[in-house]
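Only one structure is covered here, and it is reproduced in the block below.
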Amino acid sequence: MERKWEAKLKQIEERAACYERKPLSSVYRPRLSKPEEPPSIWKLFHRQTEAFNFVKSCKEDVHVFALEYKVGDGQRIYLVTTYTQLWFYYKSRKNLLHCYEVIPENAVCKLYFDLEFNKHANPEADGKKMVALLIEHVCKALQELYRVNCSAEDVFNLDSSTEEKFSRHLIFQLHDVAFKDNIHVGNFVRKILQPAFHLIASEDDSISEKTGHGFSHFSETPIKQGISFGKMSPDQDGGESWTLNSEELERPGSAKQSSPDLSFLVVRNNTGEKQLFVDLGVYTRNRNFRLYKSSKIGKHVALEIAEDNKFFPKHSETVSEENQCFLSSLVSNVRILVDLKNEVWYQKCHDPVCKAENFKSDCFPLPAEVGLLFLLKEEEEFTATETMNSETENPHKPPSSMLSKGVASDADWDNGIDDTYFLEATEDAELAEAAENGLLSYYSGVDEIPDELILQVLQE
DNA sequence: CAGCGCTACCACACCCC
DNA sequence: GGTGTGGTAGCG
């Protein structure tokens, strides 16, 4: 006993001497960059607005993430950091298990879907098939509305299904195309799903079966559905929101094609009511979207790549496959330079005559107010690096200061005042590479730091 | 000390036939 | 009974 105690004492003394020779630095600052480079950013906030204010004050390419930290009530704190640094701490999946991307309001973003149904309430439903049919419908709609070509291969298919629930996230990787913001994504989604709404409006079971069988006669039924590709007209405000004009919709021939059969989207909730497979509640301001490989707190099911996924990010020599998937799965990870005023379709859409005629069919595409969309045009000189799936590093990459934060306000957009948009730079191959390779040596053994920092903030 | 942004729903007031 | 308004429980 006595001897054991002495050994312990000696051990402690040795450690004390060791710390005396090499004292710990007084303030720990997590850094991914080398000392001569600008310091890394890792900041936590209790309030979302504070986080966004900090982002505004920050010249680095930082983003807001929400972290669940209490089981039950869904309380979140907000982390501001770069994609690179988040991935560095995130990738081990030992900490930061319940992270969400905050899709900022007014930020350009990808087309995304949250799909779910209760398996017990829908024993017949084939989730995979429903996803495939939805993708088909969306691709058709993109083609109809905006002449945008896409296929199943352009869609990132993320699964977090359980025994009870089928649950998927779809993220469309459309080439050179993005939405103004997620509110516009919502407008677009509601528009293309318009024909499905009447299917859930009635409690009568026979309706869905009727439409199932009699689909080919759909155009002859007295209920003319608001074919999603009909014209739009402004509401009384003449303002931002647009509503479907029923007269236009009921006029035969006003639609480009007959209403598609969307009965496959109708599912039952656990109380037996009809609802859509597509969750329309996810297109709100500052929506939290669960990150690739994150689970909801209290659950153990993370978002993983679906079995039938066909989207594969381009292979990169410098960025790991997982990191590429992570970057591709971020809804607001959109970059590339846009110069709208040189686009013919854009000029047409802002031409007063064209506007007065309520966007005749030869005017392409529909006004931005109805949902989509604009083309992302890359500047030739930095095409290689600025593309999401770039393979090679380009020495002519513009300085990050060229890539200004965010997008102009709604008013600017609608008035066409500022037609040139520099979207945020996001994925930075150089930094990602650094995080992948060279940095572990700097921080070996400090993988737990982010959670400690979170704890510290919570205790303050 | 400490989340956020909705929408569906309800209660109530007011109006009109 | 129809319509507008204001407040809130609860969902995503």
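Per chain, numbering begins at 1; letters A, B, ... match sequence-line order.
C/dC11 atom P lies 12 Å from atom CG of A/Asn269, rounded to whole Å. At whole-Å resolution of the value, CZ in A/Arg168 and P in C/dG12 are 20 Å apart. Taking atom CD1 of residue A/Ile297 and atom P of nucleotide C/dG12, one finds them 19 Å apart after rounding to whole Å. Counting to the nearest Å, the P atom of C/dG12 and the CD atom of A/Glu101 are 20 Å from each other. A/Leu44 places its CG atom 17 Å from the P atom of B/dA2, with the value rounded to the nearest Å. The nearest whole Å value for the distance from the OH atom in A/Tyr283 to the P atom in C/dG12 is 14 Å. The NZ atom of A/Lys165 sits 12 Å away from the P atom of C/dC11 (whole-angstrom rounding). If you take CD of A/Glu68 and C1' of B/dA2, they are 16 Å apart, rounded to a whole angstrom.
Phosphate proximity of B/dC4 to A/Asn286: absent, as no side-chain N or O sits under 4.0 Å from OP1 or OP2. Note on A/Arg47: a side-chain N or O is less than 4.0 Å away from OP1 or OP2 of B/dC4. Listed pair A/Gln48 / B/dG5 meets the phosphate criterion, a side-chain N or O lying under 4.0 Å from OP1 or OP2. The side chain of A/Arg287 contributes no N or O atom lying less than 4.0 Å from OP1 or OP2 of B/dC4.
Cation-pi contact between A/Lys110 and A/Phe179: absent, since separation from the ring centre below 6.0 Å together with deviation from the ring axis within 45° is not met. Judged by the 6.0 Å and 45° rule, A/Arg268 forms no cation-pi pair with A/Phe117. For the pair A/Arg93 and A/Tyr90, the distance from NZ or CZ to the six-membered ring centre is under 6.0 Å and the angle to the ring normal is within 45 degrees.
At a threshold of 4.0 angstrom between heavy atoms, the contacts of A/Asp279 are confined to the sugar-phosphate backbone, with no base atom among them.
The nearest heavy atom of DNA chain B to A/Glu105 and to A/Glu50 marks one nucleotide each, and the one closer to the 5' end goes with A/Glu50.
Closest approach to the A/Tyr78 side chain among C/dG12, B/dC4, B/dG5 is made by B/dC4 (side chain taken as heavy atoms from C-beta onward).
Checked against a 6.0 Å centroid threshold, the rings of A/Phe326 and A/Tyr292 do not count as neighbours. Aromatic rings from A/Phe54 and A/Phe45 are positioned such that their centres are separated by under 6.0 Å.
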